[in-house]
Undergrad: 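A single structure is presented below for examination.
For the single chain, residues carry numbers from 1 onward in sequence order. Numbering of ligands and ligand atoms starts at 1, following listing order. None of the values given here were measured: they were computed from a predicted structure.
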Amino acid sequence: MTEGHLPILTDDLFRTIFEKSPGSILVTADKPRFTIQAVSDSYLEITSSKRDEIVGRGFFEVFPDDLDFNEETKARIVFTKVIETGQKITVPTYRYDIFNNQLKQYEAHYWSCLNTPIFDNAGTVAYILNTVIDISEEVRAKNAAIENEHRLRIAAEAAAFGTWELELKTQRFVYAPRIAEIFGHAADAQPSLTDLRAQIHADDMQNVVLKALDVALSTGKYLYEVRISWPDGSLHWIRTQGILMYEDKEPRSILGTILDITESKRDEIRKNDFIAMASHELKTPLTSLKGYLHIISKKTEYLKDSFLNNALSRADYQVSRMARLIHGFLDLSGIEPGKLKLQLEEFDINRLTEETISETLLIHPGRAVRLNGSASVLVKADRDKIGRVISNFLSNAIKYSPANTEILVIAAQDEGYVRISVADQGIGVKAKEKEKIFQRFYRGDNEKTGQVSGFGIGLYLSSEIIQSHNGSIGVESVENKGSTFYFTLPLVS
Ligand code: ADP
């Protein structure tokens, strides 16, 4: 555009430009009246007023200065200051409610405004230009965020847990004062991450915390329970739970909570001690019962009384069953998280599988169990415990499938590991229960499960055993069609 095309900047043109500008009003510096000289369209719209009704009137006649809560930011005081100092004054936020014509009521509005002095030739302030921006949305969003944070804080305090965030790259650790208390310090003690980590039991740090971090990096979920020692020497338990936060698909930090679970852990330990004691007490009479049954059956063999023989072998079967349950309880009570005492040896897992199938068939002679895979496969593991896992899979397959269906056991070798699976054609496992059934005392939510006796510890123990061997355990299943329970173990390299 050349200069010739530009319109001449007449007063009228200036006025038009002013009237089109966002949220502006020009008042004379004739305090205390502050006569309105000009006003922009958007200012009129914001304030639901009409130009000919307000121009020429005093600013405070039209907009009474009474709703702003803060003395300092009241328009009258600010206008006066602009005149006295000749300086621009910004009021970052103030409240001035506006009448909503549709709803017929006042609505809270928040504004940010700039008051600029305009000087005459003598250098005194002649006008004040007041420019406002409606920031109600921003203020409301900010207030909502503050309120949310406040609510979260109250919830956290009520639940007695402490919140924290760990930046992975920098290891910057920020946490609520409650965490210091959970670790036995004063709330304002500000122990460092290194200080707190040093309080975690050395075994748990190695076996639990570092593993949990690996799991978090692959699953996004961080969870562990460990023992900590307080500065006064006492032992406590904590549960840490968190989620991984990502930035550009890269893990950036972990956000989580810590809860003191000492009391419930103590209860659990007491319960486990009780189970251990009760099981021990039960084991002794059972062992002698088994002995007597054995003697009786030897002594009555010559009678060839089929009823007696049958009754004795059933009694023997029930005693063995009870002994197995008690063994299970004993194992259970000895387990600490991430800690199971293993006696490692090198052995052929296929042999073990064959033996376990034979033992199972002794107890359930009517069932058809087929084994696929016979070559020898060496693993280094706790033979007795792995045998218990296979035996548990087999007895579950028998318990949860009709007597006339076959059970298929497959031993397969893949890169670096062996996989043993036990497939049945039984009631199957619901998709939502596939993880839960490996938890302690969890029994399937199925009326058919209810008809079968059990305590919900077999799979929990199996999973603890396999995990402590760095293997994996799981189930594939279709409800009412059957289940395949499997585990893997690393091969001897
Ligand atoms: P229990 O058999 O004593 O209940 P487990 O820990 O061995 O305890 O199994 C937990 C649950 O998993 C069972 O209650 C059952 O619901 C489910 N389950 C285990 N094995 C099977 C299977 N082969 N088929 C169907 N459901 C099974």
Undergrad: I want to know whether Y224 and Y222 have ring centres closer than 6.0 Å.
TA: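 Y224 vs Y222: aromatic centres under 6.0 Å.
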
Undergrad: Mind jotting down which protein residues get a heavy-atom contact under 4.0 Å with ligand 1? Chain and number order, please.
TA: N392, N396, A397, K399, Y400, D424, I427, G428, V429, I437, Y442, R443, G444, T449, G454, F455, G456, I457, G458, L459, S483, F485

Undergrad: Looking at P191 and H185, what are the two nearest heavy atoms and their distance?
TA: CG-CD2, 3.8 Å

Undergrad: Which atom pair, heavy atoms only, marks the closest approach of I182 to I258?
TA: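 Scanning both residues, the minimum pair turns out to be CD1-O, 3.3 Å.
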
Undergrad: If you compare all heavy atoms of Y317 against all heavy atoms of H364, which two are closest, and at what distance to 0.1 Å?
TA: OH-CE1, 3.6 Å

Undergrad: Write down the atom of Y486, the atom of S421, and the distance for their closest heavy-atom approach.
TA: CB-CB, 3.8 Å

Undergrad: Please walk me through it: do D316 and S313 pass side chain to side chain donor-acceptor pair (under 3.5 Å)?
TA: CA-CA 5 Å; D316 187 58; S313 81; over 6 Å; no

